[in-house]
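All values below were derived from every heavy atom in this structure, side-chain atoms included, with hydrogens, water molecules and symmetry-related copies excluded. The chains referred to below are lettered A, B, ... by the order of the sequence lines, with proteins before strands, and numbering in each begins at 1. Keep in mind that this is a model prediction, so the values were computed, not measured.
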Number of protein chains: 2
Amino acid sequence: MTVTIKDVAARAGVSPKTVSRVMNGEPHVRAAVRDAVMLVVEALGYRPNAFARSLSSARSYLLGLFCDDPTSGYATALHRGALLECRRRHYHLIVEPLALDMPGWAGDFDANIMPLKLDGAILAPPLSQNQALLDHLAACDLPYVRISPEGVGEAPVGLIEIDEERAAHDMTAHLIALGHREIGFIEGDPRHASTRTRRAGFVAAMRDAGLPVLAGRIAPGDFSFRSGLEAGEAMLAGGLPPTAIFASNDDMALGVSVAAIKLGLSVPRDVSIAGFDDAPTARLAWPAITTVHQPVLAMGAAAVRILCEPGYRDAPSDARFRERLHYNIVWRESTAGR
Amino acid sequence: MTVTIKDVAARAGVSPKTVSRVMNGEPHVRAAVRDAVMLVVEALGYRPNAFARSLSSARSYLLGLFCDDPTSGYATALHRGALLECRRRHYHLIVEPLALDMPGWAGDFDANIMPLKLDGAILAPPLSQNQALLDHLAACDLPYVRISPEGVGEAPVGLIEIDEERAAHDMTAHLIALGHREIGFIEGDPRHASTRTRRAGFVAAMRDAGLPVLAGRIAPGDFSFRSGLEAGEAMLAGGLPPTAIFASNDDMALGVSVAAIKLGLSVPRDVSIAGFDDAPTARLAWPAITTVHQPVLAMGAAAVRILCEPGYRDAPSDARFRERLHYNIVWRESTAGR
DNA sequence: TACAAGTCAGACATCGATGTCAGGAAGTGT
DNA sequence: ACACTTCCTGACATCGATGTCTGACTTGTA
């Protein structure tokens, strides 16, 4: 038999309602009573029944994490970070893959997700910048927090990001500091906002150093290993190959690395390679890729914190709920001076 | 306002209980009444409140998918497959990463997962063969289905798998049919059951073809890109290099492929490479990897089906709930005849 | 001292479904 | 036609929490 609120109430000599107050951190409970109740809670190992809670209150104590493609290590890390924070707060988390390119996703959403009465949604990129989804959530009155979307959106504002442009700038500057002057850049999927911000950071760093960005030194890509391989091959095999290549993410950096090997080039002796994201593969690859570490776990946790913030859902669109987390650059074996 | 069971009952001229019976497919409802109720359900777009349902019945209409490392594309595909089937049945699904190597996971499990009163659990490998977890679930009286675990377990039996040994046998046989006689094999993480079954298939196929398995032709690995790279390099750079290498999974096959390139070998001209799993990277890589496709989506769906089967939880441990799904071999660019 | 305002705690109804049980209708055998 | 199953259906209590409301007890102030 599981422990109910009544058991706790009886043992503590108070009413169930008071126990409820304590559990939810409501005011108007004397400190002595609160402590006594908490003691019993600990002793009995009481955990509130999530279903009963959701049924009687308007809230569900459930948060949703929506991903486009949960394959990425990115989504997984978000999941773990968010989950940890949820547990601390006695919330639960569900992960839902959302295929916005399928017609009828909205109806599907209403039928399958809405009955859950989620208290909030966390949107992983690139979902976080899909206006149709944002509109739909707003129409459903479901508060959301966006992870690394493009620009600043409408109210209610919830935004977690790192300064990607500055990170790309820093990475480029470091390559320059290493002595590189001929630096190539590979773009990501044009549908992701990161593609623009990361490129902008690269371009700005080059400009700040007084270095020209030659034609052909910025190649298109789509964040996949293969696109990195192809772009890398084209760049390194062409005339005047760069001495360093900065790829917009780690998968592409891996592709560039293989391209270099195919051409008989040694990394990092002949060419330095840098990535972005600090995906698990970046560490495991050979040579291990120098990259920008995103605090994705912390981002997931921050998203939960914001959503649980009392009054978040009705907050005005001021900057209070915009969090910019710290990134850092991880030096590994794929970059060196020349 | 959302539609409740009372609304449906009133409109259909029956009691709420009868609507409940219809919704749950219980017997003892006249066909005419059933149809009339269903009509109203459709018209009003009624969906039962999951929380109320869980509260009043012993069931939660919630299934859990447990993963060791949800990073893998494998877990993601399972998730999608299971989710689809859940929706069809008005079930919900939560995904929980489980770190069994952390002490105190059991207490954590009891505190965070048990209150959900899951109706069943789906265990992705390698969790599916962790005896401690299995015991814990049994102690909690939580029915589970295991995906591709080792051997046959105790009751209650729920098992979804492909015949990995035969798949590995087939893949090896095809390499042989292509004209290869010197074939290397790279093992996976020794903690995974697949490591043994896949190797067994390889060895059997070689034996069946009358080919010897030379010393050093079976190299240890751990399913990571890097271990594939290292094993591949050692094998290909050593004396009497094989003309084909069969890696226990796609990540390692990718590593072997890079090893070949580093050594100036061309794939598949100089060496053929085969993988296992049909991970997303296998398709995107260059050259695209020949591999064994696992019907992971179908496996997820099958797991849900079994868990929802009425009476599954109390079923005797006969073979009825053991499903063996079909695999198939996907020919891509990394293998060729010689 | 007395009175208003604020703090604290409990009684009771309620959320939306299902479990139990009892009773009426329909079908069966003699 | 009668008793006897078997098949349908609804009334009512229940799951475990929270929302509302009411009243007692503290406090601060005139």
Do the side-chain N or O atoms of [X] get closer than 4.0 angstrom to the phosphate oxygens (OP1, OP2) of [N]?
X	N	value
A/N24	D/dT18	yes
A/S20	D/dT18	yes
A/R30	C/dA9	yes

Open item on the list: Within this structure, what is the CD-OG1 distance for the pair B/E26 and B/T18, rounded to the nearest 0.5 Å?
Closed with: 10.0 Å
TODO: To the nearest 0.5 angstrom, please state how far the CD1 atom of A/I122 sits from the NE2 atom of A/H79.
DONE: 9.5 Å
Open item on the list: Taking side-chain contact (heavy atoms from CB on, under 4.5 Å) as the criterion, tell me which of A/D7, A/V40, A/V8 meets it with A/V19.
Closed with: A/V8
Between [options], which nucleotide has the shortest distance from any of its atoms to the side chain of [X]?
X	options	answer
A/S57	D/dG16, C/dC8, D/dG19	D/dG19
A/Y46	D/dC8, D/dA17, C/dG16	D/dA17
A/R53	D/dA17, D/dC21, D/dC8	D/dA17
B/S56	C/dT7, D/dA17, C/dA17	C/dA17
B/E26	C/dG16, C/dG19, D/dT9	C/dG19

Output the rounded distance in Å from [atom1] ([X]) to [atom2] ([N]).
X	N	atom1	atom2	result
B/L116	D/dA17	CG	C1'	16 Å
A/H92	D/dA17	NE2	P	12 Å
A/H28	D/dT27	NE2	P	15 Å
B/N49	C/dA17	CG	P	6 Å
A/L55	D/dG19	CG	P	12 Å
B/K117	D/dC15	NZ	P	11 Å

Open item on the list: Can you pull out the residues from residues 5-18 of chain A that lie within a 4.0 Å heavy-atom distance of DNA chain D?
Closed with: A/I5, A/K17
Mark yes when over 12 heavy atoms from residues, nucleotides or ligands other than [X] sit less than 6.0 Å from its [atom1]; otherwise mark no.
X	atom1	result
A/R324	CZ	yes
B/R89	CZ	yes
B/R305	CZ	yes

Task: Parallel, tilted or perpendicular, as decided by the 30° and 60° cut-offs, for the rings of B/F51 and A/F51 - done: tilted
- [ ] Record whether the side chain of A/R21 comes under 3.5 Å of the base of C/dG10 through a donor-acceptor pair of N or O atoms.
- [x] yes
Open item on the list: With nearest nucleotide decided by heavy atoms, which residue, B/A58 or A/P27, maps closer to the 5′ end of DNA chain C?
Closed with: A/P27
